[in-house]
Structures are given as structure tokens and as C-alpha cells.
Protein chains: 2
Amino acid sequence: MNIGTAGERAGLPPKTIRYYEDIGLLVPERQENGYRDYSDDDVHRLRFLQRSRSLGFSVDECRQLLSLYGDKGRESAEVKAIAETKLAEVQRKIEELQSLRDVLSHLVTHCHGDARPDCPILDELSGKAGD
Amino acid sequence: MNIGTAGERAGLPPKTIRYYEDIGLLVPERQENGYRDYSDDDVHRLRFLQRSRSLGFSVDECRQLLSLYGDKGRESAEVKAIAETKLAEVQRKIEELQSLRDVLSHLVTHCHGDARPDCPILDELSGKAGD
DNA sequence: CTTGACCTTCCAGTGACTGGAAGGACTATC
DNA sequence: GATAGTCCTTCCAGTCACTGGAAGGTCAAG
């Protein structure tokens, strides 16, 4: 199947799929006319990649997961370890963003937002309002 | 003052400060020997940039904020609008990450994580366990 | 036979830095 | 004055995960 169809089924644009080939994530067969030829199994792997990426795994982590996925003898502990590490990262990121949100929200509620030139947001950013 | 000292005071590495000069964010004077010469006011602006960046404003947003910061006649409404937009973005990102965390956490708790080759995480990623 | 959609490769750009090489400037010590 | 070490300069390249675009080949429909 052509790259366009494969992309539609996997939820990935052709550009991205070609990029995955470039970096050796998934190298398909070729048709006689030189077009890439994706099997159903390839599409399966592409969907796997699409899901893993959207769950925040880096391309290198996806590469690991994909090789574990294809390895019938792998231990699920390996996969769990990768997922657990990622989970901790996500949790940390959420907390960072929450404190960022709190600061921004504080700034916004304390700015009168009219035509006066004094602005608590800029004061805060400039350090006037304490460190 | 030299770039190293300015960087220490502003909490930014010299590389980053030079980069900010490259993109026209903050262009300092030069000393006779060709070294960059940062005034206290420059350091103030650098700190402003450091804070804004760490609050998640893009460099272009920082550029806007910085020009508003230097503009005595600006309206605080402009500043508030930028901050509010950013706040909404941060909130959206938090929610995305939370749902991501829920999926990952579900995967991790359902994977026995031992030496058995079957793994619910990979099954889920491959789409076996429903879309 | 032409149109248009699809495919190919290759090169360049994104954002916001970061690393490193090659070389000049300054300070302290011998 | 020589030397060592730290700081500074510029410039080029790399990061990550794509994305855009140009130039050209292939295929199906009308």
C-alpha cells in the first residue's frame, strides 16, 4: 500500500513516515515503480508509533518499545520500567506547569488591565515586586 | 560589565545572552577591547527575560513584553492580554498532560512487570486492547 | 493528451539554545 | 618577560522531531 493510505490508516502524515524511515524506525519494501510499499503489519507498527509518540515517548524510546514489541521473548518488566520512568516525568511536568499557572494567574488577577501605564505584571517580571 | 558577570547576575549562561543579541533581543555596548559591556539596566532586562522565559513565554512574546516594558506610555491591557493568552495555554497543556498521565498510569498498574513475555502496555500501544 | 493527485528525492527551516574549535585579552605568578 | 589559566571573541554545527517547498516521475480519469 502507498504511503498516503498507510498514513491515513496510522494517523500520521507521509512526511513524518518518511522521516521515520530516514532515522531507521520503519523501513518498508518498495514497489516496482519505486514507491514505498507498506504492509498491514507496517501500518500496525506505524499506529504503534503514533500512539507511543502521542503518549509522550521520545522517538528513541519508541525505538526501544518497538523492538521490544517485535521481540517475542522480551520481558514485560523492561517495558514497564520505560513506562514508569515516563510516568514520573509527566507527573513532574504537570507540577511545574501548575506552579507556572499559579504565578501567571496571580499576575493576571492583579493587573487592572486598563489604559494606565503602570502594570503589576511588568513590575513582577522586572523584579520590582520582590524576587 | 563583562558577559560572564552579567550572566551570573541575570541567571543566564553567556551563550544564551549572546544568542539573545544575535536575534536582536538585547544588544549591549562594546568595550574598547571588543568585549560586550553590560550596564545595570541591561542586567535588569536580562533578568526580565530570564523570568519571562521561565514562565513559559516564547522569545517572541518576551520581545513584545520587553518593548512594552520599555514603553512608558503603553497600556497595561496589552500586557494583561498576553499573559491571559499564555495562562489559557498553560491550563490546556496541564489538562493534556493529566490525561496522558492517566493513560500511562493505567498501563503501568496493569502490567505485571515480570519475566513473562506478554505485556498489557505493548498490547495497548499496538491497539489490541481497543482504540 | 492533458489534468490533477499522488509519489520520489533533496535541501532548508523551525525554536531556543548548546557544544566546540580557533584564537585574542586579561590577570597573576615566577 | 614568559607562562598559565581564565575569560572573551567569532563562527560553524548539532540538537529534536518534524515541516515546507522545489523539481521532477507515475498513475488513473476523462
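The sequence lines fix the lettering, A, B, ..., with proteins before strands; numbering per chain opens at 1.
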Closest heavy-atom pair and its distance - A/Ile3, A/Pro14: CD1-O, 3.6 Å
Phosphate OP1/OP2 of D/dT10: any B/Arg36 side-chain N/O under 4.0 Å: yes
Phosphate OP1/OP2 of C/dC7: any A/Asn33 side-chain N/O under 4.0 Å: no
d(CZ, A/Phe57; P, D/dA17) in whole Å: 13 Å
Contact residues, residues 14-23 of chain B to DNA chain C [heavy atom, < 4.0 Å]: B/Lys15, B/Thr16, B/Tyr19, B/Tyr20
B/Gln50 CD to C/dA16 C1', straight-line distance once rounded to whole Å: 14 Å
Any side-chain heavy-atom pair of A/Arg18 and A/Arg36 under 4.5 Å: yes
Between P of C/dG24 and CZ of B/Arg30, the distance in whole Å: 17 Å
d(CD1, B/Ile3; P, D/dT9) in whole Å: 5 Å
Test item: B/Thr5 side-chain N/O and B/Met1 main-chain N/O as donor-acceptor pair under 3.5 Å: no
Nearest-angstrom distance from the residue atom CD of A/Glu29 to P of C/dC7: 18 Å
Partners meeting salt bridge (charged side-chain N to carboxylate O under 4.0 Å, His left out) with B/Glu89 (sequence neighbours left out): B/Lys86
B/Gln31 CD to C/dA25 P, straight-line distance once rounded to whole Å: 13 Å
Nearest listed nucleotide, side chain of B/Arg53, among D/dC18, C/dT18, C/dA16: C/dA16
Minimum-distance nucleotide (side-chain atoms of A/Tyr35 versus D/dT9, D/dA17, C/dC7): C/dC7
Residues B/Arg30, B/Glu21: salt bridge by 4.0 Å N-O rule: yes
Atom pair distance, as rounded to whole Å: OH in A/Tyr38 and P in C/dC7: 10 Å
For atom CD of A/Glu32 and atom P of C/dT8, their distance in whole Å: 15 Å
Of the listed nucleotides C/dT18, D/dT19, D/dA17, the one nearest the side chain of A/Pro13: D/dT19
Within one Ile-Leu-Val-Met-Phe-Trp-Tyr cluster: A/Leu100 and A/Val90, side-chain cutoff 4.5 Å: yes
B/Asp102 and B/Ser105: side chain donor to acceptor below 3.5 Å: no
